[in-house]
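Please read the structure below before turning to the comments.
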Amino acid sequence: MNVLVTGGAGYIGSHAVRALIEAGHTPIVLDSLEHGHAASVGEAELILGNVLDHELVARACRQFSIEAVMHFAAYIEVGESMVDPIKYYANNTMSVLSLLKTMQENGVGKFIFSSTAATYGQSEKVPIAEDAPLAPINVYGHSKLIVEQVCSWLARQTEFGFIALRYFNAGGAHPDGTIGEDHNPESHLIPLVFQTALGKRKSISIFGDDYDTPDGTCVRDYIHVWDLAKAHVKAMEHLANGGASGAFNLGAGNGHSVREIIECARRASGAAIPAEIKPRRAGDPAVLVADPGRAFETFNWRPEISDLKSIVGSAWQWHSTHPDGYADAEL
Ligand code: UDP
């Protein structure tokens, strides 16, 4: 299939581009490069621009006979979303309405949407299944939930199919070591831990050690980005084969605390990685762990390399060979 991949030069998007190529599809990347990296796109076509540019998106749909859209382009920082909500509603919600309208006008009716476990808020039941209450406790999660709800209505009322993929915590890097995580500014735990291992930061901050969890630090479900990327292809093929629309968790089904991640990174890197306890970060639930059963059953997807050692090990392979991220990549 010919697939428009918005945000395809970002961390998860670039891995999805590789997964699409590997599965015999043709990704066309649309990325503003505000946060993305041209070097991560590899051999795929890259269109420089914004999802809100109606003419540009329409032209891309026609020129490349686009059959499906995978939408990754978004702002992703929970903390920032609490400080600047409009920024998140404008980029993560409003711009998607524009994209969906352009798709409809150009006869593109299949949509794979990057959603998030943050749509659940702090679920009372763990692991979290898709039918758990959707009650985000941060703006980021709400900005994504609105899009899911719009998509549900479109799927009911129009010729439109969608899969919303609720990511838990993506980590790691492509097994061949050529693409990986490089955000600027960096706010995610695993890359920050390795920046500390590399001596680029003095210490890693642990945001809260008084949560109601076994070691007091937040528990998350870490999923290898390559497993995550391959799920997108499975989801798209499911839609293309007439499968029903819906939302699916993408997680490994296991929880790991912030302290466990740091410990695992110490073992992978051999570095001391000093840690400092800091106050809780606004909008952080204590525990987020997926029940990924629906994706297993519906599109026969299974995480294959999402044990913590593989995730953290592949992240270390990337960061230790690319200490300055894509600034070190061969173009
Ligand atoms: N975290 C932390 N120190 C950091 C960055 C993150 O303790 O410097 C914690 C954060 O509070 C959360 C977990 O690590 O519990 C994962 O955070 P990340 O930002 O990587 O992903 P998110 O859960 O926000 O998607």
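One-based numbering, in listed order, for ligands and for the atoms of each. We number each residue from 1, following the sequence as shown. Values below: all heavy atoms of this structure, side chains included; hydrogens, waters and symmetry mates excluded.
- No side-chain donor-acceptor contact under 3.5 Å links Glu181 to the backbone of Ala173.
- On a distance-only criterion, Ser205 and ligand 1 share at least one N/O pair closer than 3.5 Å.
- Protein heavy atom nearest atom 19 (O) of ligand 1, with residue, atom name and distance: Arg281 NH1, 3.1 Å.
- The protein non-hydrogen atom at the shortest distance from atom 20 (O) of ligand 1 is Leu189 N, 2.9 Å.
- Checked against side-chain hydrogen bond (donor to acceptor under 3.5 Å, both in side chains), Glu263 has the following partners two or more places apart in sequence or in another chain: Arg266.
- Each of the atoms 7 (O) of ligand 1 lies under 4.0 Å from some heavy atom of Ile206.
- In terms of protein heavy atoms, atom 13 (C) of ligand 1 is closest to Tyr222 OH, 3.9 Å.
- Distance NE2/His15 to CG/Leu20: 13.0 Å, rounded to 0.5 Å.
- Counting heavy atoms closer than 4.0 Å to ligand 1, residue Asn169 contributes side-chain atoms (C-beta onward) but none from N, CA, C or O.
- The single protein non-hydrogen atom nearest to atom 15 (O) of ligand 1 is Cys218 CB, 3.0 Å, given as residue, atom name and distance.
- Here Ser187 has backbone heavy atoms under 4.0 Å from ligand 1, and that is the only part of it that gets that close.
- Side chain of Asp227 to backbone of Ile305: a donor-acceptor contact under 3.5 angstrom is found.
- Polar contact with ligand 1: present for Phe207 (N/O pair, distance under 3.5 Å).
- Residue Arg220 has at least one N or O atom closer than 3.5 Å to an N or O atom of ligand 1.
- By the 4.0 Å N-to-carboxylate-O rule, Lys101 lies close enough to Glu105 to be salt-bridged with it.
- Distance from atom 9 (C) of ligand 1 to its nearest protein heavy atom, with residue and atom name: Val258 CG2, 3.8 Å.
- Judged by distance alone, the side chain of Ser310 and the main-chain N or O of Ser306 form no donor-acceptor pair under 3.5 Å.
- The part of Ile204 lying near ligand 1 is the side chain, judged by heavy-atom distances below 4.0 Å.
- Counting heavy atoms under 4.0 Å from ligand 1, residue Phe168 does not touch it at all.
- Looking at atom 8 (O) of ligand 1, its nearest protein heavy atom turns out to be Leu192 CD1, 3.4 Å.
- Tested against His232, the residues Tyr167, Phe299, Trp301 include a single ring-ring contact (aromatic ring centres under 6.0 Å, His included) partner, Tyr167.
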Pair His35, Tyr11 - check ring pair (Phe, Tyr, Trp, His ring centres under 6.0 Å), show working.
CA-CA 9 Å; His35 291 295; Tyr11 172 46; over 10 Å; no
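- In this structure a side-chain-to-backbone donor-acceptor pair under 3.5 Å is present from Thr6 to Ala73.
- At the shortest separation from atom 11 (O) of ligand 1 among protein heavy atoms lies Asp284 OD2, 2.5 Å.
- A salt bridge links Asp209 with Arg259: the distance from a Lys NZ or Arg NE/NH1/NH2 to an Asp or Glu carboxylate oxygen falls below 4.0 Å.
- Proximity to His188 (heavy-atom distance under 4.0 Å) selects the following atoms of ligand 1: 18 (P), 19 (O), 20 (O), 21 (O).
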